[in-house]
Amino acid sequence: MKLVGLEAVLFYLLAVVAILFAIFMITARSAVHSALLLISTLVATAGLYLLVHAEFVAGVQILIYVGGVLVLFIFVIMLVNAKEEDNKMFTRQLLIGGALTFFLGLGIIAILLQTQKGNFFTLASPAPPKIEQAQNNPNLSPSHNISQNTIKIGQELYTKTVLPFEIASLVLLVAIIGAVRLARERKQEKIYD
Amino acid sequence: MDLIWLIPILPLLGFLINGLLARRFNFSEKLVGGVAVATVFLAFVLSVTAFVNYSAWSKQPENQAKPYISKTLNYTWISGGKAFISSNTTPITPENSLVDLNIQWAYQIDHLSVLYALFVTFVGLLIHIFAIGYMHGQTGFGRFFAYLNLFMFMMLTLVLGSNLLMTFVGWEGVGLCSYLLIGFYMTHKEAAEASKKAFIINRIGDLGFILAIIGVFSTFGTLEYQEIARLVQNYPVEALGTFGIMSFIALGLFIGATGKSAQFPLYIWLPDAMAGPTPVSALIHAATMVTAGVYLLARMNFVFQRSLVMMLIIAIIGSLTAFVAATIAITQKDIKKILAYSTISQLGFMFLGCGVGAFVAGVFHVITHAFFKAQLFLGAGSVIHAMNNEQDITRMGGLKKYLPITHKTMVVSWLAICGIAPLAGFWSKDEILAKTFSTTLFHPAIGKMLWFLGFLTAGITAFYMTRLMALTFWSEQKFLGQTASDGGEEESNQEANKNIDQKNDGGSFKIRAVTPSTTNTEAISNTTEATTNDIGSFNIEESKDKAERINLNPPIVSALVADPKESPSIMTLPLIVLAFFAAVAGFIGLPVGYNWIETWLSPVINSFTLHAFGTVDIILALVTMAWSGTMAYAAYHIYVKNPHIAEDLAIKLKPFYQLSTNKWYWDDLLDVKLASLINKFNDLLGEADKHGVDAIPNGSALITRGVSILSGSMDRYGLDLLVNLTGWFTRAGSVLVRTFQTGFLNNYALVMVVGLVLIIIGLEYQAIQELYSQYFPAIPKIIATPAPK
Amino acid sequence: MINLFNIIPILLQAQTVSPSGVKERLLEGIFNVNINNFLVLSGLLFVIGVAGVLTRRNVIVIFMSIELILNAVNINLVAFSRYWFLQSEGKNAYMGEIFTIFVIVVAAAEAVVGLGIVIAFYRNKETVAVDEIDLMKW
Amino acid sequence: MLEYLFFFTAPTWFSSLPILKDYIDPMVLDYLVWPLVQIGLLLFVVLTLVAYLTLAERKISAWIQVRIGPNRVGPEGLLQPLADGIKLLLKEDLIPLKADREVFIIAPIIAMVAALVALAVIPWGAAWATISNIDIGLLFILAVSSLGVLGIILGGWASNSKYSLLGALRSAAQMVSYEVAMGLALIGALMFTKTLALQDMVITQERLHIWNILFQPLGFLIYLISGIAETNRAPFDLPEAESELVAGYHTEYSGFRFSLFFIAEYANMLIVSAIAVTVFLGGWYLPGLSYLFTPGSTFFVLASIGVFGLKTLALLYLFFWIRWSLPRYRYDQLMELSWKWMIPAALANIMLTATFLVLGQELALIVSQNNMLEISTLGYVFLISTAFIVTVPLTWIMLGQINKNSRDFNLREVQPLPMNRTINK
């Protein structure tokens, strides 16, 4: 797993974008801005996924996460029409929170450095696996030659991890019903019931 | 002969049908009576066939003196377990003294029991027929006949039982039935108390009987008569002085007999038993039940003959009872009471006979007595029936012309009981007296003395019987009748009523509306109305519904309206038959010629001490006859010719008269003395209990109260303290912790992150320490302890 | 990203390592992106997310920072999935990605319900600020 | 990474061009220069097409309404779009006072970008005519189109006016719901193409010598309707309906930003029809094409581009045609159509096609090995017949039953609330 050359550049680009927008997000004045910034970080992470050849996940990320969830966030922000929080943007525990996250950061960095020293991640990544080479076998549809990420995921999803898949669908169903119930106004209920 | 088991079962069947089905499907009176009579009639027919077959069967050599035991209904009744018999004489059972206890339930007939069965069923049949007429119109008709049938079943079981225990069952059953029948008029207080009295006193007698049964079993190891007869041979006769096992058993049996047959100490219940309907008195308290005692004596004669002491006691008590009962009978007013006391005295005679060893004579007297006494009772019954339940002979008189048939039949049995020559009474009574006179069991003097007492009693019997006949039939009429001189009875009635009024409300004029009563009950209700409450006038409705409610009350004295008319044929027929037998029965035991009954009973009763009937006996018999004849004429003379003599005699012989009317103060002795004695004893017990026994629980209650107070306080102050302490701690603690729950979302998030940081530091302290020790040398270095190898 | 950090210690220990060595290692390090970089990136995003959760006053922003944290996790997962895919010569590798999909699904569900609650709360309390919501106060 | 993106290298006629051949490294040529050229060419074509689409729409609507339409500017009105473009450029570009400046500016850009990015993946022609045939082509397009929604919402929000906000929310709601229907409709077709890459879809259709519409008539219908709704057009253009919300989310926009939105809308329309063509109408495949030109030759590619273009234009004509012939939907009818009709129909379609496919495999009519379908002739008959005879009517009847009260599109009379029943606030 070694991104070299252009990919490395892309990685750094996207990484920096993600982190910067993340920081701007938590310091943005208006909720809509922070939503937008979050969307951009998510798109950046989607880009990262693409870098790592996880196309399907990238697609899903954008389709569901950005297209669905964050649109919802923006909807809610508009409904709640949170004004510009010019005055108190942060809660009283800003200091404590900040310090705490700082220490957390230090801790995480220490862990990462330490793991790097160990032989857990050998720097030299092995030769790229064979499948990477595009075989030009004609009878396969052209996209096969590039990578079967989606196909592999599809197969695994429906063979090894069928149960989690069903449970996930159940969770979504519950979420839908919950959301409808919570967000429904008394008046609406009266009319439709 | 095989159907002998059916004899007792048939009345039982009758009882079941009448008892269970009569009320449910409300049989008509005719049906109920028919069923009852049919069953007894069939039983009688069977017993006759049994008698005939048995007499033939017992002729054959091999079953000489052996009872015939019926095959069917012959099963081991109580079995299992070993009973330890401890006979103090030479052990009869050779192997050891442990014997299997199994008692058979089997019916057997032998000479004695078949005879008894015959006359019981015969007399029973006649009384049943009589009862149909007598009880006509009474409510509880079905119930009465059910009880009668039950009584027959019990009596036949008693008689036909093959062992002592079955006899005992019959014994108890008969007692039960007498209780039920005496107390037939449930609502009437006297009847209920009389039945209770009879039952209790019988029970006292039964106690003795039970002990005797146990005695028999513990000595002989079996209760079968056959076995006992065989085993008793090995026992010697105990002389006068000694009181051995045989005497003990005999004593027990004798006590049972006295209880049942109303002998001296336990006779008081019989007069009171007259409260029952007359057929009951006739059947139970004259012919059958009371004779059970004699049956027992006759059945176990081999035991009695082996203890001379008991024989003497029986004889003495027998004669004593006879004498006493006779004297009381003289002054009685109630017709049934007189007959009751006469029964007691006759029973006394039977016991006297058995006592002196003449068991056969005893049994013979039982049979003859059954006939004429039953006839007398039924006659009295029809008299009472005619007189609309009037029982006081002083109020009757002159019934001769009203009740011709009853009068004629009663004259026959009157002569029989007085012991006039050709009739049954003479033969049996004189045989007993003859046997007592010449008994060899005891010292001849004793025999002579007993005979004299018996002789006196015979005379007295004749006296009071003629008094009875005179007062009821021959004396001038003393009741209100259409033809009677009006006012005579009227005054006595009114005068009787007047004193009642005075007592009640002092002088209020009372109209005694005497309505032409269609049934007895109507009349009765009027009179009770008049006598019980003292209202000025009474309305018909109230009395009518009161009648419905207490329709069971017995017929009580009431002013007669119509002339006493003769009872219907259904009642007079039995009278005639009985009278005939009362006359004829004597010939079965003629002392001179072929004494049939002697030979018939000889296998059962081996009365080895008796001697032939000599010329002395004949003279004695004639003397007694003459003596009783004179006594009869004297009574006739006093009571018919000139009634006032009776009052003078009564005044003159005041002490004797008092003695007699008060039944020798025997009842008072029992009721007053004994009862108060018992009460005193009870009070004593009560006191002891209050002071002595109660002290213990009260004391313990005191202690427990003290202890509980102590533990309560210890608990309140000691234990609760601890419990409250914990409660207090939690409250204090919660205050501390509560501050933590601020309700703000971000605080909770903060806590989570703190947790996270701590985890990270905890896990990776090594890495953190290395990396940042350069910049913050203050981070303490922890040398991780090497993991154990 | 780690490589950048490596620079600091390297620079600090400048005196021990020859300056030229430093340059080559720097270049080589920077352009050699491996899984470490991904981990550092996700770590940083995670920290930023946590900071957002702790400090921000608006509930919805807190929700967003939670989403950010989840994304940090996702990056990690995908990176490792790819790493194992290459390590094990393509045998079993897509677990990470599948797990990411499930994380996204659950995050979506969670966001939906969370926002539903926020709306319900806003409707009767007219406020979304965290420090004004204290119904659960004891 | 790069070779991964651009599978089709530069065609020979391009790489053999004199200048390029010797100065530029072939690698760079293939993966840098040629894509750029493609992108430039494509943008030029698309933008002009979009501009002329506005004209075409006005011409066709006029023609429908038996009038001539704009013919003043240039010969027969052909220069009209140019005129509009210049007008919009010159218009004063104002930003409402309290508007959220940054968001106000970014919104149209997002919308524009979202619309144009999708073009990269569409297979305009045979071999090299697509810019990049990435593995998750369709998913990419769906994702990007969901971003489009974002632009509209932010646009509406940023212009700080009630109308625009309401319009934005309504159109967003509409787009989100129909996006779901569109996605589900496509899945039906995917079962046959067994791949997400669009170029491969066209190739499979070519291989099977059949257009997917024959397998998936219901899928095509649903996709088309939701496509129209997705682009806020014709019967579903409630948000910008003049009578109610003035111009919906882009009321406050003027000048160039407004044109951006406009371009975004038409681009979206173009993409929707393009995808409809690739997925359902066999893309650039025309039964007879391979005989006319030898496959793989540049002429063949050009012909394929032509075929593809014709098909897309036909669909676009359909858009305009529908716009001026169907009355506008009420908002709740709109939502009801989506949630009670479109999505359930799509789901039913997926279920039924799946069952018939499996059934076909059972009956050995269809063989699917190493990820490609081999359908016997009987298989074709079986699939087509079941698609038309079973799927369409069955879904129609079933949905008819389920939405009994709303079959006439919610025209049921609203029972008046009985007076005594107070509505507790």
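Lettering of chains follows the sequences in order, A, B, ..., and the numbering in each one begins at 1. When reading the values below, keep in mind they use all heavy atoms of this one structure, side chains included, and skip hydrogens, waters and symmetry mates.
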Undergrad: If you count heavy-atom pairs under 4.5 Å with chain C, which of A:I108, A:T41, A:V76 comes out on top?
TA: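 Answer, by heavy-atom pair count under 4.5 Å with chain C: A:V76.
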Undergrad: Heavy atoms only: give me the nearest A:S34-C:V61 pair and the separation to one decimal.
TA: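 Nearest pair, atom of A:S34 first, then C:V61: OG-CG2, 4.0 Å.
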Undergrad: With a 4.5 angstrom heavy-atom cut-off, could you sort out which part of A:I96 is near chain C: side chain, backbone, both or neither?
TA: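 A:I96 has no heavy atom closer than 4.5 Å to chain C.
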Undergrad: Find the one option among C:I62, C:V118, C:I117 whose heavy-atom pairs under 4.5 Å with chain A are most numerous.
TA: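 The residue among C:I62, C:V118, C:I117 with the greatest pair count is C:I117.
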Undergrad: For A:A22 and C:L45, work out which heavy atoms get closest and say how close.
TA: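 Reported closest heavy-atom pair: CB-CD2, 3.7 Å.
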Undergrad: Is atom OH of C:Y122 surrounded by more than 12 heavy atoms (other residues, nucleotides or ligands) closer than 6.0 Å?
TA: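 Above 12, so yes.
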Undergrad: Given heavy-atom pairs under 4.5 angstrom as the criterion, report whether the side chain, backbone, both or neither of C:L77 touches chain A.
TA: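 Neither; nothing under 4.5 Å.
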Undergrad: Based on non-hydrogen pairs under 4.5 Å, which of C:V53, C:I48, C:V113 is most in contact with chain A?
TA: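 Heavy-atom pair counts peak at C:I48.
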Undergrad: Could you pull out every donor-acceptor pair under 3.5 Å between side chains of residues 68-75 of chain A and any protein atom, sequence neighbours left out?
TA:
none

Undergrad: Quick check: closest heavy atoms across C:M95 and A:K160, and the distance to 0.1 Å?
TA: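 Closest heavy-atom pair between C:M95 and A:K160: CE-CD, 3.7 Å.
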Undergrad: Using non-hydrogen atoms only, which part of C:I75 is less than 4.5 Å away from chain A: side chain, backbone, both, or neither?
TA: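 Looking at C:I75, backbone and side chain both touch chain A.
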Undergrad: Who wins among C:A107, C:S65, C:A51, C:A120 for the most heavy-atom pairs under 4.5 Å with chain A?
TA: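 The residue among C:A107, C:S65, C:A51, C:A120 with the greatest pair count is C:A51.
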Undergrad: For chain C, which candidate among A:P164, A:G98, A:A168 shows the most heavy-atom pairs at distances under 4.5 Å?
TA: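 Max contact count across the listed options: A:P164.
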Undergrad: For C:F46, which atoms come within 4.5 Å of any heavy atom of chain A: side chain, backbone, both, or neither?
TA: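 Only the side chain of C:F46 comes within 4.5 Å of chain A.
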Undergrad: Return the CD1 to CZ distance between C:I101 and C:F99, rounded to the nearest 0.5 Å.
TA: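 Going from CD1 on C:I101 over to CZ on C:F99, the span is 11.5 Å.
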Undergrad: If you count heavy-atom pairs under 4.5 Å between each of C:T100, C:I104, C:I119 and chain A, which one has the most?
TA: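 When all of C:T100, C:I104, C:I119 are compared, C:I104 has the most.
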Undergrad: Please rank A:L95, A:V171, A:L172 by heavy-atom pairs under 4.5 Å with chain C and give me the top one.
TA: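 Most heavy-atom pairs under 4.5 Å with chain C: A:L172.
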Undergrad: Report all side-chain donor-acceptor pairs from residues 56-66 of chain A shorter than 3.5 Å, counting only partners two or more places apart or in another chain.
TA:
unit_1, atom_1, unit_2, atom_2, d
A:Q61, NE2, A:L42, O, 3.4
A:Q61, NE2, A:T45, OG1, 3.1
A:Q61, NE2, C:N71, OD1, 3.1
A:Y65, OH, C:E67, OE1, 2.3

Undergrad: Using 30° and 60° as the class boundaries, would you call the ring planes of C:Y83 and C:F80 parallel, tilted or perpendicular?
TA: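 Ring orientation, 0 to 90° scale: perpendicular.
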Undergrad: Under 4.5 Å from any heavy atom of chain C, what part of A:S169 do you find: side chain, backbone, both or neither?
TA: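 For A:S169, neither part sits under 4.5 Å from chain C.
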